[in-house]
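Heads up, the thing below is written out as C-alpha coordinates.
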Amino acid sequence: MLVQKPVFNQSDPTEFVFRVFTTVPEFQVLLFLLFFLLYLIILCGNTAIICVVCTHSTLRTPMYFFLANLSFLEICYTTVVVPLMLSNIFGAQKPISLAGCGTQMFFFVTLGSTDCFLLAIMAYDRYVAICHPLHYTLIMTRQLCAQMLGGAVGLALFLSLQLTALIFTLPFCGHRREINHFLCDVPPVLRLACADIRVHQAVLYVVGILVLTVPFLLICVSYVFITCAILSISSAEGRRRAFSTCSSHLTVVLLQYGCCSLVYLRPQSSTSEDEESQIALVYTFVTPLLNPLIYTLRNKDVKGALRNAIIYKAASDAS
(Lines give C-alpha, C1' and ligand atoms only; values in the text may rest on other atoms or scores of the structure.)
Protein backbone atom coordinates (compact mmCIF):
# COMPACT_ATOMS: atom_id res chain seq x y z
CA MET A 1 0.00 0.00 0.00
CA LEU A 2 1.46 3.36 -1.01
CA VAL A 3 1.28 6.33 1.34
CA GLN A 4 -0.48 9.30 -0.18
CA LYS A 5 0.50 12.74 1.00
CA PRO A 6 -2.17 14.20 3.29
CA VAL A 7 -3.90 17.27 1.95
CA PHE A 8 -3.05 19.95 4.52
CA ASN A 9 -2.35 22.82 2.12
CA GLN A 10 -5.88 23.87 1.31
CA SER A 11 -6.47 27.54 0.45
CA ASP A 12 -9.25 27.66 3.04
CA PRO A 13 -7.84 25.55 5.89
CA THR A 14 -10.27 23.05 7.31
CA GLU A 15 -10.77 23.05 11.09
CA PHE A 16 -12.60 20.64 13.32
CA VAL A 17 -14.38 21.19 16.60
CA PHE A 18 -15.38 18.50 19.08
CA ARG A 19 -18.88 17.92 20.32
CA VAL A 20 -19.62 19.66 23.62
CA PHE A 21 -20.19 17.27 26.54
CA THR A 22 -22.64 19.63 28.21
CA THR A 23 -23.45 23.34 28.31
CA VAL A 24 -24.48 23.29 31.99
CA PRO A 25 -21.65 24.94 33.98
CA GLU A 26 -22.14 22.73 37.05
CA PHE A 27 -21.88 19.56 34.96
CA GLN A 28 -18.83 20.95 33.17
CA VAL A 29 -17.06 21.36 36.50
CA LEU A 30 -18.03 17.85 37.62
CA LEU A 31 -16.90 16.29 34.35
CA PHE A 32 -13.61 18.18 34.40
CA LEU A 33 -12.85 17.11 37.96
CA LEU A 34 -13.86 13.49 37.28
CA PHE A 35 -11.78 13.12 34.10
CA PHE A 36 -8.84 15.00 35.62
CA LEU A 37 -8.90 12.77 38.72
CA LEU A 38 -9.06 9.62 36.60
CA TYR A 39 -6.18 10.90 34.49
CA LEU A 40 -4.05 11.54 37.58
CA ILE A 41 -4.80 8.05 38.92
CA ILE A 42 -3.85 6.52 35.56
CA LEU A 43 -0.57 8.45 35.53
CA CYS A 44 0.29 7.59 39.14
CA GLY A 45 -0.74 3.92 38.95
CA ASN A 46 1.10 3.13 35.74
CA THR A 47 4.15 5.19 36.75
CA ALA A 48 4.30 3.23 40.02
CA ILE A 49 4.39 -0.05 38.10
CA ILE A 50 7.19 1.22 35.83
CA CYS A 51 9.24 2.42 38.82
CA VAL A 52 8.77 -0.82 40.77
CA VAL A 53 9.72 -3.01 37.80
CA CYS A 54 12.79 -0.88 37.03
CA THR A 55 14.05 -0.71 40.63
CA HIS A 56 13.46 -4.26 41.88
CA SER A 57 15.80 -6.93 40.58
CA THR A 58 13.29 -9.70 41.33
CA LEU A 59 10.94 -8.21 38.73
CA ARG A 60 13.49 -8.05 35.91
CA THR A 61 11.90 -10.86 33.94
CA PRO A 62 10.24 -10.85 30.50
CA MET A 63 6.74 -10.78 32.00
CA TYR A 64 7.43 -7.63 34.00
CA PHE A 65 9.44 -6.09 31.16
CA PHE A 66 6.32 -6.29 29.01
CA LEU A 67 4.13 -5.11 31.90
CA ALA A 68 6.27 -1.98 32.36
CA ASN A 69 6.06 -1.24 28.64
CA LEU A 70 2.29 -1.78 28.73
CA SER A 71 2.04 0.78 31.54
CA PHE A 72 4.18 3.22 29.55
CA LEU A 73 1.87 2.77 26.56
CA GLU A 74 -1.18 3.43 28.73
CA ILE A 75 0.35 6.71 29.96
CA CYS A 76 1.11 7.87 26.41
CA TYR A 77 -2.25 6.61 25.12
CA THR A 78 -4.31 8.64 27.59
CA THR A 79 -2.01 11.68 27.33
CA VAL A 80 -2.71 11.88 23.58
CA VAL A 81 -6.43 12.25 24.32
CA VAL A 82 -7.19 13.54 27.81
CA PRO A 83 -5.43 16.97 28.02
CA LEU A 84 -7.09 18.13 24.80
CA MET A 85 -10.42 16.73 25.95
CA LEU A 86 -10.14 18.57 29.29
CA SER A 87 -9.37 21.85 27.52
CA ASN A 88 -12.58 21.50 25.50
CA ILE A 89 -14.95 20.91 28.40
CA PHE A 90 -15.26 24.58 29.38
CA GLY A 91 -16.39 27.49 27.26
CA ALA A 92 -16.77 27.71 23.51
CA GLN A 93 -15.68 24.95 21.15
CA LYS A 94 -11.97 25.27 20.45
CA PRO A 95 -10.97 24.42 16.86
CA ILE A 96 -8.30 21.89 15.97
CA SER A 97 -6.57 22.13 12.61
CA LEU A 98 -6.60 19.40 9.99
CA ALA A 99 -2.93 18.69 10.72
CA GLY A 100 -3.57 18.63 14.47
CA CYS A 101 -6.46 16.22 14.06
CA GLY A 102 -4.35 13.97 11.82
CA THR A 103 -1.51 14.00 14.35
CA GLN A 104 -3.79 13.00 17.22
CA MET A 105 -5.34 10.24 15.13
CA PHE A 106 -1.91 8.91 14.10
CA PHE A 107 -0.60 8.66 17.66
CA PHE A 108 -3.91 7.36 19.02
CA VAL A 109 -4.07 4.54 16.47
CA THR A 110 -0.34 3.78 16.81
CA LEU A 111 -0.42 3.50 20.60
CA GLY A 112 -3.70 1.57 20.62
CA SER A 113 -2.40 -0.89 18.02
CA THR A 114 0.87 -1.36 19.90
CA ASP A 115 -1.16 -2.04 23.04
CA CYS A 116 -3.07 -4.83 21.29
CA PHE A 117 0.10 -6.37 19.82
CA LEU A 118 1.82 -6.23 23.21
CA LEU A 119 -1.04 -8.10 24.86
CA ALA A 120 -0.56 -10.88 22.27
CA ILE A 121 3.19 -10.96 23.03
CA MET A 122 2.40 -11.23 26.75
CA ALA A 123 0.14 -14.21 25.99
CA TYR A 124 3.05 -15.90 24.18
CA ASP A 125 5.27 -15.19 27.19
CA ARG A 126 2.76 -16.91 29.49
CA TYR A 127 2.51 -19.84 27.05
CA VAL A 128 6.27 -20.38 27.13
CA ALA A 129 6.42 -19.98 30.93
CA ILE A 130 3.68 -22.55 31.60
CA CYS A 131 4.03 -24.98 28.70
CA HIS A 132 7.84 -24.94 28.46
CA PRO A 133 9.07 -23.88 31.91
CA LEU A 134 12.46 -25.61 31.63
CA HIS A 135 13.28 -23.77 28.42
CA TYR A 136 11.76 -20.43 29.42
CA THR A 137 15.02 -18.56 29.99
CA LEU A 138 16.50 -20.01 26.80
CA ILE A 139 13.52 -18.95 24.67
CA MET A 140 12.53 -15.62 26.23
CA THR A 141 15.90 -13.91 25.99
CA ARG A 142 16.37 -10.15 26.28
CA GLN A 143 17.13 -9.98 22.59
CA LEU A 144 13.91 -11.76 21.64
CA CYS A 145 11.84 -9.59 24.00
CA ALA A 146 13.33 -6.42 22.51
CA GLN A 147 12.78 -7.72 18.97
CA MET A 148 9.13 -8.57 19.63
CA LEU A 149 8.50 -5.20 21.23
CA GLY A 150 10.25 -3.40 18.35
CA GLY A 151 8.24 -5.44 15.84
CA ALA A 152 4.98 -4.50 17.57
CA VAL A 153 5.85 -0.79 17.53
CA GLY A 154 7.07 -0.92 13.93
CA LEU A 155 3.96 -2.71 12.64
CA ALA A 156 1.68 -0.33 14.55
CA LEU A 157 3.51 2.70 13.12
CA PHE A 158 3.24 1.31 9.58
CA LEU A 159 -0.49 0.54 9.79
CA SER A 160 -1.31 3.82 11.51
CA LEU A 161 0.63 5.86 8.96
CA GLN A 162 -1.14 4.18 6.05
CA LEU A 163 -4.59 4.58 7.58
CA THR A 164 -4.16 8.19 8.71
CA ALA A 165 -2.60 9.32 5.43
CA LEU A 166 -5.39 7.63 3.45
CA ILE A 167 -8.12 9.30 5.51
CA PHE A 168 -6.63 12.78 5.29
CA THR A 169 -6.48 12.70 1.51
CA LEU A 170 -10.27 12.99 1.65
CA PRO A 171 -11.97 16.34 1.12
CA PHE A 172 -13.91 17.67 4.12
CA CYS A 173 -16.84 19.93 3.35
CA GLY A 174 -16.93 23.38 4.89
CA HIS A 175 -14.44 25.40 6.87
CA ARG A 176 -15.30 24.11 10.33
CA ARG A 177 -16.85 20.72 10.96
CA GLU A 178 -18.04 19.27 14.26
CA ILE A 179 -16.68 15.84 15.21
CA ASN A 180 -19.37 14.02 17.16
CA HIS A 181 -16.76 12.69 19.56
CA PHE A 182 -14.16 13.91 22.07
CA LEU A 183 -11.13 12.92 19.95
CA CYS A 184 -10.09 12.58 16.32
CA ASP A 185 -10.93 8.91 16.04
CA VAL A 186 -11.22 7.25 12.64
CA PRO A 187 -14.99 6.50 12.34
CA PRO A 188 -16.31 9.98 13.34
CA VAL A 189 -13.77 11.78 11.12
CA LEU A 190 -14.67 9.55 8.17
CA ARG A 191 -18.33 10.59 8.52
CA LEU A 192 -17.36 14.22 7.87
CA ALA A 193 -15.82 13.51 4.45
CA CYS A 194 -17.77 14.72 1.44
CA ALA A 195 -16.66 11.88 -0.84
CA ASP A 196 -17.17 8.16 -1.32
CA ILE A 197 -15.61 6.49 1.73
CA ARG A 198 -16.35 2.83 0.99
CA VAL A 199 -12.70 2.09 0.17
CA HIS A 200 -11.57 3.87 3.34
CA GLN A 201 -14.06 1.92 5.44
CA ALA A 202 -12.79 -1.31 3.88
CA VAL A 203 -9.19 -0.34 4.72
CA LEU A 204 -10.25 0.48 8.28
CA TYR A 205 -11.89 -2.93 8.55
CA VAL A 206 -8.75 -4.67 7.27
CA VAL A 207 -6.57 -2.75 9.73
CA GLY A 208 -9.04 -3.67 12.48
CA ILE A 209 -8.70 -7.35 11.60
CA LEU A 210 -4.89 -7.12 11.63
CA VAL A 211 -4.79 -5.23 14.92
CA LEU A 212 -7.66 -6.90 16.78
CA THR A 213 -8.78 -10.20 15.27
CA VAL A 214 -5.39 -11.76 14.41
CA PRO A 215 -3.73 -11.00 17.79
CA PHE A 216 -6.87 -12.09 19.64
CA LEU A 217 -6.91 -15.42 17.80
CA LEU A 218 -3.24 -15.91 18.68
CA ILE A 219 -4.07 -15.16 22.31
CA CYS A 220 -6.91 -17.70 22.20
CA VAL A 221 -4.60 -20.37 20.75
CA SER A 222 -2.01 -19.62 23.44
CA TYR A 223 -4.60 -19.99 26.18
CA VAL A 224 -5.86 -23.28 24.78
CA PHE A 225 -2.37 -24.71 25.23
CA ILE A 226 -2.00 -22.97 28.60
CA THR A 227 -5.31 -24.41 29.84
CA CYS A 228 -4.32 -27.93 28.75
CA ALA A 229 -0.98 -27.57 30.53
CA ILE A 230 -2.62 -26.26 33.72
CA LEU A 231 -5.18 -29.08 33.78
CA SER A 232 -2.38 -31.62 33.51
CA ILE A 233 -0.81 -30.34 36.74
CA SER A 234 -1.52 -32.88 39.49
CA SER A 235 -1.70 -30.60 42.54
CA ALA A 236 -4.55 -28.16 43.09
CA GLU A 237 -2.12 -25.58 44.48
CA GLY A 238 0.03 -25.84 41.36
CA ARG A 239 -2.99 -25.32 39.12
CA ARG A 240 -4.09 -22.33 41.17
CA ARG A 241 -0.67 -20.67 41.00
CA ALA A 242 -0.37 -21.31 37.26
CA PHE A 243 -3.81 -19.86 36.59
CA SER A 244 -3.18 -16.80 38.80
CA THR A 245 -0.23 -15.80 36.59
CA CYS A 246 -2.58 -15.64 33.58
CA SER A 247 -5.83 -14.33 35.03
CA SER A 248 -4.69 -10.70 35.22
CA HIS A 249 -3.56 -10.70 31.61
CA LEU A 250 -6.73 -12.42 30.44
CA THR A 251 -8.89 -9.83 32.22
CA VAL A 252 -7.06 -6.95 30.50
CA VAL A 253 -7.31 -8.72 27.12
CA LEU A 254 -11.08 -9.11 27.37
CA LEU A 255 -11.51 -5.44 28.33
CA GLN A 256 -9.25 -4.07 25.61
CA TYR A 257 -10.26 -6.27 22.70
CA GLY A 258 -13.94 -6.31 23.62
CA CYS A 259 -14.31 -2.52 23.66
CA CYS A 260 -12.17 -1.89 20.57
CA SER A 261 -13.98 -4.57 18.56
CA LEU A 262 -17.32 -2.91 19.28
CA VAL A 263 -16.05 0.30 17.65
CA TYR A 264 -13.82 -0.85 14.80
CA LEU A 265 -15.18 -4.25 13.72
CA ARG A 266 -18.94 -3.71 13.89
CA PRO A 267 -20.68 -2.46 10.73
CA GLN A 268 -20.97 1.33 10.86
CA SER A 269 -24.70 1.13 10.24
CA SER A 270 -25.19 -0.79 13.50
CA THR A 271 -23.15 1.62 15.65
CA SER A 272 -24.49 4.99 16.79
CA GLU A 273 -22.15 7.90 17.37
CA ASP A 274 -23.19 8.12 21.03
CA GLU A 275 -22.35 4.46 21.55
CA GLU A 276 -18.91 4.98 20.02
CA SER A 277 -18.19 7.85 22.38
CA GLN A 278 -19.32 5.86 25.42
CA ILE A 279 -17.21 2.86 24.44
CA ALA A 280 -14.26 5.15 23.71
CA LEU A 281 -14.51 6.49 27.27
CA VAL A 282 -14.06 2.92 28.50
CA TYR A 283 -10.84 2.21 26.60
CA THR A 284 -9.56 5.75 27.19
CA PHE A 285 -10.10 5.79 30.95
CA VAL A 286 -11.32 2.48 32.38
CA THR A 287 -8.83 0.08 30.78
CA PRO A 288 -5.70 2.17 31.54
CA LEU A 289 -7.06 2.72 35.05
CA LEU A 290 -7.77 -0.96 35.71
CA ASN A 291 -4.51 -2.29 34.27
CA PRO A 292 -2.32 -1.29 37.25
CA LEU A 293 -5.06 -2.27 39.71
CA ILE A 294 -5.57 -5.69 38.11
CA TYR A 295 -1.87 -6.48 37.92
CA THR A 296 -1.10 -5.27 41.44
CA LEU A 297 -4.09 -6.73 43.25
CA ARG A 298 -3.74 -10.14 41.56
CA ASN A 299 0.06 -10.38 41.56
CA LYS A 300 1.81 -11.01 44.86
CA ASP A 301 5.27 -10.15 43.44
CA VAL A 302 4.17 -6.67 42.36
CA LYS A 303 2.21 -6.17 45.60
CA GLY A 304 5.28 -7.17 47.62
CA ALA A 305 7.57 -4.87 45.65
CA LEU A 306 5.15 -1.95 46.02
CA ARG A 307 4.79 -2.60 49.74
CA ASN A 308 8.57 -2.70 50.20
CA ALA A 309 8.97 0.51 48.20
CA ILE A 310 6.37 2.29 50.34
CA ILE A 311 7.97 1.04 53.58
CA TYR A 312 11.43 2.10 52.38
CA LYS A 313 10.13 5.53 51.37
CA ALA A 314 8.40 6.01 54.73
CA ALA A 315 11.51 4.93 56.63
CA SER A 316 13.76 7.26 54.63
CA ASP A 317 11.37 10.20 55.17
CA ALA A 318 11.22 9.48 58.91
CA SER A 319 15.00 9.44 59.22
Side-chain angles (χ1 to χ4, degrees), residues 18 21 28-56 59-60 63-90 94 96 100 103-119 122 149 152-153 156 160 181-185 248-249 251-253 255-256 259-260 277-299 301-314 316-317:
F18 297 107
F21 278 99
Q28 289 177 340
V29 173
L30 288 176
L31 284 176
F32 181 88
L33 292 175
L34 173 62
F35 292 148
F36 183 67
L37 179 61
L38 290 175
Y39 181 54
L40 287 181
I41 295 173
I42 290 168
L43 292 181
C44 294
N46 285 286
T47 301
I49 287 182
I50 295 171
C51 293
V52 166
V53 171
C54 292
T55 57
H56 287 73
L59 300 182
R60 290 173 188 169
M63 180 175 74
Y64 297 111
F65 168 76
F66 294 130
L67 176 58
N69 280 280
L70 180 65
S71 293
F72 177 73
L73 280 175
E74 301 290 15
I75 291 172
C76 297
Y77 184 74
T78 52
T79 301
V80 166
V81 177
V82 178
L84 181 61
M85 184 184 74
L86 291 176
S87 71
N88 283 294
I89 289 180
F90 292 111
K94 299 178 181 65
I96 181 173
T103 300
Q104 186 188 50
M105 181 185 293
F106 171 74
F107 283 107
F108 180 75
V109 175
T110 298
L111 293 167
S113 301
T114 306
D115 203 326
C116 292
F117 293 145
L118 185 55
L119 289 174
M122 292 172 76
L149 180 62
V153 174
S160 179
H181 211 293
F182 58 86
L183 66 104
C184 287
D185 203 359
S248 301
H249 174 259
T251 303
V252 173
V253 165
L255 278 171
Q256 179 77 8
C259 292
C260 291
S277 298
Q278 292 164 6
I279 296 169
L281 283 173
V282 174
Y283 59 70
T284 300
F285 285 102
V286 178
T287 306
L289 177 68
L290 290 181
N291 280 357
L293 292 176
I294 291 171
Y295 278 107
T296 52
L297 294 177
R298 300 184 66 88
N299 190 302
D301 293 332
V302 177
K303 282 193 294 185
L306 280 172
R307 184 168 54 250
N308 293 337
I310 294 171
I311 293 172
Y312 176 80
K313 177 66 175 175
S316 61
D317 290 343

Worked verdict on Phe285 versus Val82 for side-chain contact (heavy atoms from CB on, under 4.5 Å): CA-CA 9 Å; Phe285 285 102; Val82 178; 3.7 Å; yes
Could you walk me through whether Tyr77 and Thr284 pass the side chain to side chain donor-acceptor pair (under 3.5 Å) test, one step at a time? CA-CA 8 Å; Tyr77 184 74; Thr284 300; 5.2 Å; no
Which heavy atom of [X] sits nearest to which heavy atom of [Y], and what is that distance?
X: Phe65; Y: Val53; result: N-CG1, 4.5 Å
X: Thr55; Y: Cys51; result: OG1-O, 2.6 Å
X: Gln104; Y: Val81; result: NE2-CA, 4.0 Å
X: Ala68; Y: Ile50; result: O-CG1, 3.6 Å
X: Gln256; Y: Thr287; result: OE1-CG2, 3.4 Å

Stepwise, does the side-chain contact (heavy atoms from CB on, under 4.5 Å) test hold for Leu70 with Leu119? CA-CA 8 Å; Leu70 180 65; Leu119 289 174; 4.2 Å; yes
Taking atom [atom1] of [X] and atom [atom2] of [Y], what is their separation to the nearest 0.5 Å?
X: Leu84; Y: Thr79; atom1: CG; atom2: OG1; answer: 12.0 Å
X: Cys76; Y: Phe108; atom1: SG; atom2: CZ; answer: 13.5 Å
X: Tyr39; Y: Leu43; atom1: OH; atom2: CG; answer: 4.5 Å
X: Leu111; Y: Thr78; atom1: CG; atom2: OG1; answer: 9.5 Å
X: Glu74; Y: Asp115; atom1: CD; atom2: CG; answer: 4.5 Å
X: Ile89; Y: Leu33; atom1: CD1; atom2: CG; answer: 9.0 Å

How are the rings of Phe90 and Phe32 set to each other: parallel, tilted or perpendicular (split at 30° and 60°)?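 Ring orientation of Phe90 relative to Phe32: tilted.
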How about Phe72: does its CZ atom have over 12 heavy atoms from other parts shown lying under 6.0 Å from it? no
Derivation and outcome, side-chain contact (heavy atoms from CB on, under 4.5 Å), residues Phe107 and Thr103: CA-CA 6 Å; Phe107 283 107; Thr103 300; 3.6 Å; yes
Can you name the side-chain contact (heavy atoms from CB on, under 4.5 Å) partners of Leu289, sequence neighbours left out? Leu38, Ile41, Ile42
Going by the rule side-chain contact (heavy atoms from CB on, under 4.5 Å), which residues pair with Ala280 if we only count those two or more places apart in sequence or in a different chain?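 Here the qualifying residues are His181, Phe182, Tyr283.
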Residue pair Met85, Phe21: steps toward the side-chain contact (heavy atoms from CB on, under 4.5 Å) verdict: CA-CA 10 Å; Met85 184 184 74; Phe21 278 99; 3.8 Å; yes
Determine whether Tyr64 and Val52 make a side-chain contact, defined as any pair of heavy atoms from C-beta on separated by less than 4.5 Å.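 No; the side chains remain at least 4.5 Å from each other.
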